[in-house]
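What follows is a set of notes on a single structure, which appears directly below.
Proteins get letters first, then strands, A, B, ... in listed order; numbering begins at 1 in each.
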Amino acid sequence: MRRAALPLALLVGLVAAAPALVPEAGRRSLDSVALRLLPPLSRVPMLVARDGSLVPMAGDPAAAPAPGRPFVVEHGEVVWLRGHGVARRPLGEFRLDEQGRPETTTRLFLAGTDSFGRDLAARLLAGLRLSVLIALGAVAGAAVLAGLAGLAGGLAGRAVDGVLSLAGDGLLSIPRIVLVMALALAVEPGPAVLALVLALTGWPAMARLVRVEVRRMRDADVALAARAAGASPLRVALVHVLPEAAATLAIAAGLRIAPTILLEASLSFLGAGVSPPAASLGTILAEGRDVLLDAWWVLTLPGIALVLFVLAVSRSVDRIQFASETR
Amino acid sequence: MRFVAARAVHAVATLLLVVTLAFVVLEMLPGDPAGIAEDPSLGPAEQARLRAALGLDQPPARRYATFLAHALQGDLGVSISRHRPVRDVLAAALGPTVQLAGSALVLSVLLGWLIGTQAASRPGGLAERAVRTLLPAVDAVPPFWLGLVAILLFAWRLGWLPAGHLASPTPPETWTALLVDRLRHLVLPVCVLAIPGTAPVARHQWSAMRRELRRPWVRAALANGVARGRVVWLRGTRAALLPLIALVGLGLPALVGGAVVVEVVFAWPGLGRVHQSALLARDIPLVLGGLVCVSGAVVAGRLLADLLSAWADPRLRRPGGGAR
């Protein structure tokens, strides 16, 4: 069980720590003109400014200041390739080597850049992190609600049970995307709000499982004995019934993580989730749609990464489930 | 009868829940619904008169009742962005959605049934290996991304199929060409929408058929000389068919939710696209009307599936046999 849970913990931990591993977290662009829509595996030479910031030299090769060279020094100024033209600044603004020539360095854009010149790989990691955090928050919230609803439905009598299961069945019959899109009108969608809305609409399926387990435990010998020994109903519920249902709930919640990541991506893609400046998988893919015909990689690469990640998460949850059943 | 009555009560309760949610969203919206309060040119007396005319001076419970009554009569207000009654906008969009989702439903059930049965009848064969390895991957692919990649590949790079819309901007003359044109526009969206729906059907059919084929009657039929294909495809399928109806009913919300996304990707003028463009335009009556309409369609579809399974399975019609 513990060994099976390791890959999942690794995956989620890696993604949550991702921004610490990449420099600018995909938020800012070094130069949106020079770096716009570079294909994957682009190597971009960069000048180093005095303050240590990088100045990329990229663009239309025909516009290069000298054939095959990204920059030249003339009249005490550096002239470098930038987009469809050149830019020039005094030599003194750059860091120079012993011969008095500007220092250069190269950066690799593994997955290319998007239409704002941002590093797509960094942005992808940042987006994956936000999507995973939203999904985890949503699933955790839904699991708590499901636990409460399941306990109440299983223990509190027929009227409560009837109302809860009717409400749960109702929520299950409304397409969740459509419902969340309508709710996005009333509340300003942001990461936290989105997680909350997904939690509020995601509990019924899990609550059903908990309810079944609670009903089974309520009539079990352990609960009967506790009640005969004078334990209060609350104590029976918390100490004897809840722990049994918690295992079921944990597995069910684990199985919801991957679909919730996909749901978040769909909602953000449709404009009902995280809005553009923030990077989530859905907003990155929506930007990819806008440049579909100019730059295939902005759509394709994050999508493949998303599919692989979701596949990895659901495979490891499957293994956890298998391990817990064969225990 | 009790089963049918219970399902009908459930359907009505769901619709009530939807309308209530729509009302709650309306109440939670910032600002005055009519924007009266922001208009400085109106005096206090005029404001009060306008509020009374719009029913805004009533207590929330009273307004809820009015909202409910109007929704029941199909009056969902007037769309802000399209200047037409919400009912008319939605009615025009319903046809394309039913066409898209219906075709995808038929395709996914057929495909899932074929793959699942084949996988169960030949363990270790190609279909079984596909079910084991491909189905988890299908669950991991978001439909909107699949749709965009399909457009990039089949419409743009290869140029085989149109990238979206119901039909070509200039419709062909003859009706056969018209039909072919319509069908060509259907291919990509229907396939993209059907693929996620195929997985649960195939998985269900696979496990149900495996169970069924282990039963003694299969061996008896085979011993009696009934051809294997006949046993598997005719008799076995009939036995495994019943839960499939319930499964399709349960999968309807996911199908319609997927249709929303696919419609947006393929510029398909259905309910989902109307709903999304209304959301971007913050056209409140149209978004809420879309919610009520889509949910109503799903609830009706589920009720139909319940009735069908009650018709096909007499056990469900017995008193007390309401449980699945």
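Of the two parts of A:Ile261, neither the backbone nor the side chain holds a non-hydrogen atom closer than 4.5 Å to a non-hydrogen atom of chain B. For a residue to count as touching a neighbouring chain, one of its non-hydrogen atoms must lie under 4.5 Å from one of that chain's; by this rule B:Leu17 touches chain A with the side chain only. Of the atoms belonging to B:Leu148, heavy atoms from both backbone and side chain fall under 4.5 Å from chain A. Contact annotation for B:Leu21: only side-chain heavy atoms (C-beta onward) come within less than 4.5 Å of a heavy atom of chain A. Within the 4.5 angstrom heavy-atom criterion, atoms from both the backbone and the side chain of B:Val265 approach chain A. Both the backbone and the side chain of A:Ala265 come within contact range of chain B, judged by heavy atoms closer than 4.5 Å. Proximity to chain A is absent for every atom of B:Leu15, based on heavy atoms less than 4.5 angstrom apart. The contact between A:Thr300 and chain B is made by backbone and side chain atoms together, counting heavy-atom distances below 4.5 Å.
In terms of non-hydrogen atom pairs under 4.5 Å with chain A, the most contact-rich of B:Val141, B:Val294, B:Leu152 is B:Leu152. Chain B forms the most heavy-atom pairs under 4.5 Å with one residue out of A:Gly282, A:Gly170, A:Pro175, and that residue is A:Pro175. Ranking B:Pro142, B:Ala22, B:Ala137 against chain A, the residue ahead of the rest is B:Pro142, based on heavy-atom pairs under 4.5 Å. Highest contact tally toward chain B, considering only A:Leu183, A:Leu285, A:Leu293, A:Leu306, is held by A:Leu293 [criterion: heavy-atom pairs under 4.5 Å]. Listed options A:Leu311, A:Leu299, A:Ile177, A:Leu166 were ranked by heavy-atom pairs under 4.5 angstrom with chain B; first place goes to A:Leu299.
Using a cut-off of 4.0 Å between Lys/Arg side-chain N and Asp/Glu carboxylate O, B:Asp139 and B:Arg203 are scored as salt-bridged.
Within 6.0 Å of the CZ atom in A:Arg315, the count of heavy atoms belonging to other residues, nucleotides or ligands does not exceed 12.
Between A:Met181 and A:Leu270, some side-chain heavy-atom pair lies under the 4.5 Å cut-off.
Side-chain N/O atoms of A:Ser115 and A:Glu287 include no donor and acceptor closer than 3.5 Å. Checked by atom type, the side-chain pair B:Gln99/B:Ser103 shows no donor-acceptor distance below 3.5 Å. With no hydrogens or angles considered, no side-chain donor-acceptor pair links A:Ser266 and A:Arg176 at under 3.5 Å.
The aromatic rings of A:Phe269 and B:Phe144 lie parallel to each other, with less than 30° between the two planes, well short of the 60° mark.
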For this session: List the steps, then state whether salt bridge (Lys or Arg N to Asp or Glu O under 4.0 Å) holds for A:Arg208 with A:Asp169.
Result: CA-CA 9 Å; A:Arg208 247 185 214 181; A:Asp169 275 6; 2.4 Å; yes

